[in-house]
Amino acid sequence: MVFILSLQIYYMWKGGKLLDKKCEEKWDYIQNTLKAKIHLENTFQLDEIRLVAGVDLAYWSDQKANYGVCCIQVLDYTSKKVIEQAEYAGEVEVPYISGYLAFRELPFILKAAEKLKTSPDLYMFDGNGYLHSRHMGIATQASFDLGKPTIGIAKTYLKIGNNTDFTMPENKAGAYTDIVIDGEVYGRALRTRTDVKPVFVSGGNWIDLHTAVKITMHFVEKESRLPVTTRYADLATHEARRRYQK
DNA sequence: GCGACAG
DNA sequence: ATCTTGTCGC
(Lines give C-alpha, C1' and ligand atoms only; values in the text may rest on other atoms or scores of the structure.)
Protein backbone atom coordinates (compact mmCIF):
# COMPACT_ATOMS: atom_id res chain seq x y z
CA MET A 1 0.00 0.00 0.00
CA VAL A 2 2.74 2.32 1.01
CA PHE A 3 4.72 1.28 -2.00
CA ILE A 4 1.88 1.99 -4.39
CA LEU A 5 1.46 5.45 -2.94
CA SER A 6 5.08 6.22 -3.49
CA LEU A 7 4.85 5.18 -7.11
CA GLN A 8 2.81 8.29 -7.70
CA ILE A 9 6.12 10.04 -7.63
CA TYR A 10 6.87 8.46 -10.96
CA TYR A 11 3.69 9.75 -12.54
CA MET A 12 4.53 13.26 -11.52
CA TRP A 13 8.09 12.83 -12.62
CA LYS A 14 7.29 11.29 -15.97
CA GLY A 15 4.57 13.82 -16.62
CA GLY A 16 6.96 16.63 -15.88
CA LYS A 17 4.17 18.69 -14.44
CA LEU A 18 5.79 20.96 -11.97
CA LEU A 19 4.36 22.50 -8.91
CA ASP A 20 0.91 23.39 -10.09
CA LYS A 21 -1.66 23.28 -7.34
CA LYS A 22 -2.67 19.69 -8.06
CA CYS A 23 0.90 18.50 -7.96
CA GLU A 24 1.53 20.15 -4.64
CA GLU A 25 -1.62 18.63 -3.22
CA LYS A 26 -0.50 15.18 -4.32
CA TRP A 27 2.86 15.67 -2.71
CA ASP A 28 1.19 16.76 0.50
CA TYR A 29 -1.11 13.76 0.35
CA ILE A 30 1.76 11.31 -0.07
CA GLN A 31 3.75 12.75 2.81
CA ASN A 32 0.74 12.96 5.07
CA THR A 33 -0.23 9.37 4.35
CA LEU A 34 3.22 7.87 4.77
CA LYS A 35 4.07 9.68 7.96
CA ALA A 36 1.59 7.56 9.89
CA LYS A 37 3.82 4.55 9.24
CA ILE A 38 7.06 5.97 10.62
CA HIS A 39 8.61 3.75 13.27
CA LEU A 40 11.60 5.26 15.01
CA GLU A 41 12.81 2.20 16.85
CA ASN A 42 15.49 -0.21 15.79
CA THR A 43 14.29 -3.12 13.71
CA PHE A 44 17.74 -4.69 13.91
CA GLN A 45 20.65 -5.36 16.23
CA LEU A 46 23.62 -3.08 15.76
CA ASP A 47 25.94 -6.07 15.33
CA GLU A 48 23.80 -7.27 12.44
CA ILE A 49 24.72 -4.23 10.38
CA ARG A 50 27.21 -5.22 7.69
CA LEU A 51 26.59 -3.11 4.61
CA VAL A 52 25.82 0.61 4.84
CA ALA A 53 25.02 2.74 1.82
CA GLY A 54 25.76 6.44 1.31
CA VAL A 55 23.59 8.28 -1.20
CA ASP A 56 24.10 11.63 -2.92
CA LEU A 57 23.32 13.51 -6.14
CA ALA A 58 25.00 16.13 -8.31
CA TYR A 59 23.51 18.31 -11.02
CA TRP A 60 24.51 20.03 -14.25
CA SER A 61 22.88 21.38 -17.36
CA ASP A 62 23.42 22.18 -21.02
CA GLN A 63 21.43 24.18 -23.54
CA LYS A 64 18.82 21.43 -23.77
CA ALA A 65 18.01 20.41 -20.24
CA ASN A 66 18.98 19.86 -16.62
CA TYR A 67 20.55 16.60 -15.56
CA GLY A 68 21.30 14.78 -12.34
CA VAL A 69 23.30 11.78 -11.29
CA CYS A 70 22.77 9.70 -8.16
CA CYS A 71 25.65 7.69 -6.73
CA ILE A 72 25.34 5.04 -4.06
CA GLN A 73 28.40 3.77 -2.25
CA VAL A 74 28.04 0.59 -0.23
CA LEU A 75 30.58 0.27 2.58
CA ASP A 76 31.40 -2.53 4.96
CA TYR A 77 30.56 -1.40 8.47
CA THR A 78 33.75 -2.54 10.17
CA SER A 79 36.40 -2.07 7.48
CA LYS A 80 34.70 1.03 6.01
CA LYS A 81 35.86 -0.12 2.60
CA VAL A 82 33.71 0.37 -0.48
CA ILE A 83 32.11 -2.95 -1.39
CA GLU A 84 29.98 -1.80 -4.29
CA GLN A 85 28.89 1.32 -6.10
CA ALA A 86 26.06 2.15 -8.44
CA GLU A 87 24.89 5.24 -10.27
CA TYR A 88 22.02 6.50 -12.35
CA ALA A 89 22.02 9.63 -14.47
CA GLY A 90 19.15 11.26 -16.32
CA GLU A 91 17.18 14.37 -17.00
CA VAL A 92 15.79 16.26 -14.00
CA GLU A 93 12.23 17.46 -14.39
CA VAL A 94 11.29 18.18 -10.82
CA PRO A 95 12.45 21.44 -9.26
CA TYR A 96 13.97 21.73 -5.84
CA ILE A 97 11.43 22.96 -3.34
CA SER A 98 12.33 23.08 0.32
CA GLY A 99 10.31 20.42 2.09
CA TYR A 100 9.85 18.35 -1.06
CA LEU A 101 13.40 17.26 -1.80
CA ALA A 102 12.40 13.61 -2.05
CA PHE A 103 10.18 14.22 -5.05
CA ARG A 104 13.15 15.59 -6.95
CA GLU A 105 15.77 13.07 -5.88
CA LEU A 106 13.97 9.84 -5.04
CA PRO A 107 13.39 8.75 -8.66
CA PHE A 108 17.16 8.87 -9.23
CA ILE A 109 17.90 7.14 -5.95
CA LEU A 110 15.57 4.25 -6.67
CA LYS A 111 16.96 3.76 -10.17
CA ALA A 112 20.49 3.64 -8.79
CA ALA A 113 19.47 1.30 -5.94
CA GLU A 114 17.95 -1.11 -8.46
CA LYS A 115 21.39 -1.60 -9.94
CA LEU A 116 22.92 -2.80 -6.68
CA LYS A 117 23.71 -6.48 -6.46
CA THR A 118 24.29 -6.33 -2.72
CA SER A 119 21.53 -5.45 -0.30
CA PRO A 120 22.58 -2.70 2.12
CA ASP A 121 21.30 -3.08 5.69
CA LEU A 122 21.02 0.69 6.06
CA TYR A 123 21.01 3.81 3.89
CA MET A 124 22.40 7.23 4.82
CA PHE A 125 21.22 10.37 3.04
CA ASP A 126 22.18 13.98 2.48
CA GLY A 127 19.19 15.73 3.97
CA ASN A 128 16.74 15.18 6.77
CA GLY A 129 14.54 12.36 7.94
CA TYR A 130 12.21 13.00 10.86
CA LEU A 131 13.52 16.56 11.12
CA HIS A 132 10.91 17.88 8.72
CA SER A 133 7.63 19.77 8.93
CA ARG A 134 5.73 16.51 8.35
CA HIS A 135 8.45 14.21 9.67
CA MET A 136 8.86 13.19 6.07
CA GLY A 137 12.30 14.27 4.95
CA ILE A 138 14.01 12.43 2.12
CA ALA A 139 15.54 9.75 4.36
CA THR A 140 12.15 8.83 5.75
CA GLN A 141 10.33 8.92 2.45
CA ALA A 142 13.02 6.81 0.80
CA SER A 143 12.76 4.15 3.49
CA PHE A 144 9.30 3.16 2.35
CA ASP A 145 10.55 2.42 -1.14
CA LEU A 146 13.85 0.85 -0.15
CA GLY A 147 12.38 -1.18 2.67
CA LYS A 148 15.44 -0.59 4.83
CA PRO A 149 16.37 1.53 7.85
CA THR A 150 17.57 5.02 6.90
CA ILE A 151 19.36 7.98 8.49
CA GLY A 152 19.15 11.62 7.41
CA ILE A 153 22.21 13.84 7.76
CA ALA A 154 21.82 17.47 6.68
CA LYS A 155 24.66 19.96 6.40
CA THR A 156 22.49 22.98 7.15
CA TYR A 157 19.60 23.46 9.49
CA LEU A 158 16.05 23.39 8.24
CA LYS A 159 13.71 25.47 10.34
CA ILE A 160 10.42 23.75 10.94
CA GLY A 161 8.48 26.76 12.16
CA ASN A 162 8.91 29.89 14.18
CA ASN A 163 11.17 29.81 17.18
CA THR A 164 12.60 26.43 16.32
CA ASP A 165 16.28 27.23 16.28
CA PHE A 166 18.69 24.65 17.56
CA THR A 167 21.13 25.00 20.42
CA MET A 168 24.75 24.93 19.31
CA PRO A 169 26.53 21.88 20.74
CA GLU A 170 29.88 22.41 22.43
CA ASN A 171 32.99 22.42 20.27
CA LYS A 172 33.98 18.84 20.85
CA ALA A 173 33.78 15.75 18.66
CA GLY A 174 30.66 13.77 19.47
CA ALA A 175 28.92 16.62 21.29
CA TYR A 176 25.28 17.08 20.42
CA THR A 177 22.09 18.86 21.37
CA ASP A 178 18.57 17.63 20.86
CA ILE A 179 16.37 19.54 18.46
CA VAL A 180 13.10 19.80 20.33
CA ILE A 181 9.96 21.27 18.82
CA ASP A 182 6.74 21.41 20.80
CA GLY A 183 8.23 19.03 23.33
CA GLU A 184 9.13 16.46 20.72
CA VAL A 185 12.69 15.49 19.75
CA TYR A 186 13.02 15.78 15.97
CA GLY A 187 16.75 15.16 15.64
CA ARG A 188 20.16 16.21 16.89
CA ALA A 189 22.70 18.88 16.05
CA LEU A 190 25.86 16.80 16.09
CA ARG A 191 29.42 18.09 16.17
CA THR A 192 31.14 15.31 14.31
CA ARG A 193 34.60 16.80 14.85
CA THR A 194 36.07 19.75 16.72
CA ASP A 195 36.21 23.09 14.90
CA VAL A 196 33.58 22.19 12.31
CA LYS A 197 29.99 23.24 11.94
CA PRO A 198 27.54 20.68 13.30
CA VAL A 199 25.51 18.38 11.07
CA PHE A 200 21.86 17.61 11.68
CA VAL A 201 21.04 13.97 12.24
CA SER A 202 17.57 12.54 12.33
CA GLY A 203 16.13 9.10 12.04
CA GLY A 204 14.74 8.18 8.68
CA ASN A 205 12.84 5.09 9.65
CA TRP A 206 13.17 1.85 11.63
CA ILE A 207 16.01 3.26 13.71
CA ASP A 208 16.21 5.29 16.89
CA LEU A 209 18.00 8.60 17.18
CA HIS A 210 20.67 7.30 19.51
CA THR A 211 21.64 4.58 17.06
CA ALA A 212 21.48 6.99 14.13
CA VAL A 213 24.00 9.28 15.82
CA LYS A 214 26.17 6.36 16.84
CA ILE A 215 26.37 5.02 13.29
CA THR A 216 26.98 8.50 11.91
CA MET A 217 29.91 9.01 14.27
CA HIS A 218 31.23 5.56 13.46
CA PHE A 219 31.74 6.63 9.85
CA VAL A 220 33.26 10.06 10.53
CA GLU A 221 36.94 10.19 9.59
CA LYS A 222 39.52 12.95 9.56
CA GLU A 223 38.85 13.99 6.00
CA SER A 224 35.33 15.33 6.42
CA ARG A 225 32.70 16.44 8.90
CA LEU A 226 30.35 14.11 7.06
CA PRO A 227 30.44 10.34 7.47
CA VAL A 228 32.49 8.71 4.72
CA THR A 229 29.41 6.97 3.40
CA THR A 230 27.80 10.15 2.10
CA ARG A 231 31.18 11.80 1.59
CA TYR A 232 32.29 9.10 -0.83
CA ALA A 233 28.95 9.28 -2.58
CA ASP A 234 29.41 13.04 -2.90
CA LEU A 235 32.84 12.59 -4.48
CA ALA A 236 31.48 9.90 -6.80
CA THR A 237 28.76 12.22 -8.11
CA HIS A 238 31.34 14.90 -8.91
CA GLU A 239 33.44 12.37 -10.77
CA ALA A 240 30.41 11.01 -12.61
CA ARG A 241 29.35 14.50 -13.65
CA ARG A 242 32.74 15.20 -15.18
CA ARG A 243 32.39 11.98 -17.11
CA TYR A 244 28.91 12.74 -18.41
CA GLN A 245 29.71 16.29 -19.40
CA LYS A 246 32.05 15.02 -22.11
C1' DG B 1 7.22 43.60 -1.80
C1' DC B 2 10.22 40.90 1.64
C1' DG B 3 12.28 37.07 3.74
C1' DA B 4 13.02 32.03 3.89
C1' DC B 5 14.86 28.29 1.66
C1' DA B 6 17.33 20.18 3.45
C1' DG B 7 19.69 19.67 -1.72
C1' DA C 1 22.77 21.90 -5.54
C1' DT C 2 26.04 25.17 -8.52
C1' DC C 3 29.05 29.26 -10.01
C1' DT C 4 34.48 30.11 -8.25
C1' DT C 5 40.24 32.57 -6.00
C1' DG C 6 42.48 33.06 -2.70
C1' DT C 7 43.82 32.06 1.72
C1' DC C 8 44.35 30.64 6.57
C1' DG C 9 46.01 26.71 9.12
C1' DC C 10 47.76 22.00 10.17
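Because the structure is a prediction, the values reported are computed rather than measured. All heavy atoms count here, side chains included; hydrogens, waters and symmetry mates do not. Chain naming here is simple, since letters A, B, ... match the order of the sequence lines and numbering starts at 1 in each.
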Nearest non-hydrogen partners of Gln85(A) and Leu116(A), listed with the distance: C-CD2, 4.5 Å
So, Glu105(A) versus Tyr100(A): side-chain donor-acceptor pair below 3.5 Å or not? no
So does Asp208(A) get a backbone contact from the side chain of Asn42(A), meaning a donor-acceptor N/O pair under 3.5 Å? yes
Distance, rounded to the nearest Å, where Arg242(A) contributes CZ and dC3(C) contributes P: 12 Å
Output one letter per nucleotide in nucleotides 4-10 of chain C: B when a protein non-hydrogen atom lies under 4.0 Å from the base, S when only the sugar-phosphate is that close, - when neither is. -------
Parallel, tilted or perpendicular: which describes the rings of Tyr77(A) and Phe219(A), with under 30° parallel and over 60° perpendicular? perpendicular
Cation-pi check, Arg241(A) onto Tyr67(A) ring (under 6.0 Å, within 45° of axis): no
Verify the cluster assignment for Leu122(A) and Leu106(A): are they in a single hydrophobic cluster under the rule of side-chain heavy atoms below 4.5 Å apart? no
Indicate yes or no: does Arg50(A) engage Asp121(A) in a salt bridge with an N to O separation below 4.0 Å. no
In terms of hydrophobic clusters joined by side-chain contacts under 4.5 Å, are Val180(A) and Leu209(A) together? yes
Taking the same atom, C1', in dC5(B) and in dT2(C), what whole-Å distance lies between them? 15 Å
When you measure from the side-chain N and O atoms of Arg241(A) to the phosphate of dT2(C), is any distance below 4.0 Å, counting only OP1 and OP2? yes
Indicate for each nucleotide in nucleotides 2-7 of chain B, in 5' to 3' sequence, whether protein heavy atoms under 4.0 Å reach the base (B), only the sugar-phosphate (S), or nothing (-). ---SBB
Classify the angle between the aromatic ring planes of Phe200(A) and Phe166(A) as parallel (below 30°), tilted (30 to 60°) or perpendicular (above 60°). perpendicular
Quick one: stems involving DNA chain C, counted as three or more successive Watson-Crick or G-U pairs, both distances short of 3.5 Å. none
CA sep, side-chain torsions, deciding dist, call: Asn205(A), His39(A), side-chain contact (heavy atoms from CB on, under 4.5 Å): CA-CA 6 Å; Asn205(A) 209 350; His39(A) 186 72; 4.0 Å; yes
